[in-house]
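Data block below; observations after.
Every number for a ligand or one of its atoms is a count from 1 in the order of the listing.
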Amino acid sequence: MANVAVIGAQWGDEGKGKVVDWLASRADVVVRFQGGHNAGHTLVVGNQTYKLSLLPSGLVREKLGIIGNGVVVDPWALLAEIARVQAQGLSVTPGTLRLAENAPLILPLHGALDRAREAARGDAKIGTTGRGIGPAYEDKVARRAIRACDLAEPATLSAKLDELLLHHNTLLRGLGAETFEKAALLEQLLALAPQILPFVEPVWERLDELRRAGKRILFEGAQAVMLDVDHGTYPFVTSSNTVAATAASGAGVGPGVVGFVLGIAKAYCTRVGAGPFPTELNDEVGQTLGDRGSEFGTVTGRRRRCGWFDAALVRQAVKVGGIDGLALTKLDVLDGFAALRLGTGYRIDGKIFRHLPAAPGAQAAAAPIYETLEGWSGSTRGARSWAELPAQAIKYVRRIEELVEAPVTLLSTSPERDDTIMVRDPFQD
Ligand code: GDP
Ligand code: IMO
Ligand code: MG
């Protein structure tokens with residue numbers, strides 16, 4: 001019985017939350033393995049809309065949720081999110097949510113440093129979510145992070161805060177930002193501990209037991225391959241690896257446990273934040289895509305940049321992300337366009353590329369090469385079977401499969417949970 005990992009195949013906001021929620025009906029447990037509350041996953045179930053950042057999307061189906069060690073966890077954000085979804089009628093208890101004991105914590109100083117650095121970058125800013133993700137991962141790699149397990153050891157907390165504050169206050173002072181006091185931070189963390197610790201455990205052990213009992217594990221990625229710290233459009237990326245290989249190290253399981261890798265891609269393309277976007281449309285078409293697709297960031301509220309589907313980029317994401325099949329979302333947003341374009345490569349300084357090279361200068365200069373397809377006049381909105389799709393829409397999907405060199409496994413035709421067409425069940429592969 002295969003497990004499934006869901007990852008973004010573009011620059012995020014592809015509809016991973018909707019797809020994870022849909023697939024969660026077939027899973028026993030949903031595991032987050034990287035990122036933090038920079039993620040914003042919107043799930044629409046009947047007349048309820050859930051916006052999740054840290055909580056695994058399977059919680060809406062009352063499936064066990066696990067936050068793995070690869071996630072950077074802001075404990076205040078976690079408690080606030082739990083309170084928010086509980087107010088919407090969901091139950092989140094230590095029986096339904098587990099947090100890895102070795103997950104690094106995001107503290108208020110991480111957000112402060114993130115924002116101070118962005119301000120200092122001026123026009124060269126990355127457009128981060130300002131939530132401290134980058135600084136928290138830096139502390140993890142620098143071996144000074146405070147982790148969930150440390151909340152149970154006041155002496156460890158105190159010693160680690162000394163080291164952490166020496167580093168961060170030096171930087172914050174240099175950037176002209178406010179510094180942090182140890183006593184206040186320690187007090188806040190000790191006050192928080194009794195609320196967080198009941199969720200904390202060695203999740204690797206639970207995952208091992210579940211796996212041996214034949215339970216189905218769904219790994220829920222955040223962000224996307226083009227925001228991956230190694231494979232994305234560096235430096236305009238997030239600070240974690242978003243590719244499927246991370247599901248293993250970010251949860252504490254072997255690579256063979258990950259199973260089928262489902263890459264999520266919009267039928268067009270969007271990006272929040274700065275950085276290269278070769279197929280971006282700064283015209284009426286881009287505006288129309290944004291309006292029809294309601295392209296506003298869940299976390300930032302910022303309008304997302306919009307453009308044509310970049311098949312060269314998604315093909316690259318398929319290869320480096322280890323994607324076995326694609327879930328193509330928001331096909332309905334393309335209803336009514338007379339013509340549609342697909343990016344098939346780039347022209348850079350007179351040379352033709354089938355992939356996006358890593359050098360920032362080349363990425364900024366990449367001019368897309370397009371092929372044009374006829375649009376369709378009928379509606380795909382809400383379609384739940386292949387037979388309901390206009391012939392031209394099917395052609396569009398088939399052409400994407402050829403160009404990205406991966407089959408379309410799922411199609412999504414509206415925000416609503418059940419407006420989904422399954423071509424193949426990824427859990428059965
Ligand atoms: P995620 O970060 O990948 O989980 O994606 P977000 O939730 O941030 O953004 C995707 C948005 O598109 C959400 O508002 C979803 O409700 C919506 N959405 C998902 N699938 C579809 C679809 O097939 N059609 C339309 N119109 N909207 C969709
Ligand atoms: P989901 O899971 C879209 C972007 C930010 C910024 C860059 C770095 O909802 O798809 P960070 O705060 O991570 O250091 O910001 O990454 N970004 C996202 N864009 N969707 C996301 O998550 C994102 N998470 C981070 O806008 O450009
Ligand atoms: Mg999102």
(message) Any heavy-atom pair between the side chains of L109 and L113 that's under 4.5 Å?
(response) no

(message) I need the nearest protein heavy-atom contact for atom 23 (C) of ligand 2: residue, atom name and distance, please.
(response) Q223 CG, 3.7 Å

(request) Could you list which atoms of ligand 2 come closer than 4.0 Å to a heavy atom of A39? (result) 1 (P), 2 (O), 9 (O), 22 (O)

(request) Say whether Y346 and D310, considering side chains only, have a donor N or O and an acceptor N or O under 3.5 Å apart. (result) yes

(request) Please determine if the Mg ion (ligand 3) has an N/O/S atom from G40 lying under 2.8 Å away. (result) yes

(request) Mark the output for G8 as yes if a heavy-atom distance to ligand 2 is under 4.0 Å, and as no if none is. (result) no

(request) Give a yes/no verdict on whether any heavy atom in K51 is under 4.0 Å from an atom of ligand 1. (result) no

(request) Report yes if G17 has an N/O atom closer than 3.5 Å to an N/O atom of ligand 1; otherwise report no. (result) yes

(message) Checking contacts here: is it the side chain or the backbone of L227 that comes within 4.0 Å of ligand 2, counting heavy atoms only? Could be both or neither.
(response) side chain

(request) Please work out whether any backbone atom (N, CA, C, O) or any side-chain heavy atom from C-beta onward of R271 is under 4.0 Å from ligand 2, and answer side chain, backbone, both or neither. (result) neither

(message) For V237, state whether at least one heavy atom is located under 4.0 Å from any atom of ligand 2.
(response) yes

(message) Below a 4.0 angstrom heavy-atom separation, can you tell me which part of H41, side chain or backbone, both or neither, approaches ligand 2?
(response) side chain

(message) Show me which atoms of ligand 1 lie under 4.0 Å from any heavy atom of K18.
(response) 20 (N)

(message) Against ligand 2, does K16 come closer than 4.0 Å with any heavy atom?
(response) yes

(request) Report the part of W11 in contact with ligand 2, treating N, CA, C, O as backbone and CB onward as side chain, heavy atoms under 4.0 Å; options are side chain, backbone, both, neither. (result) backbone

(message) Measuring from non-hydrogen atoms of A224 to any atom of ligand 2, is the shortest distance under 4.0 Å?
(response) no

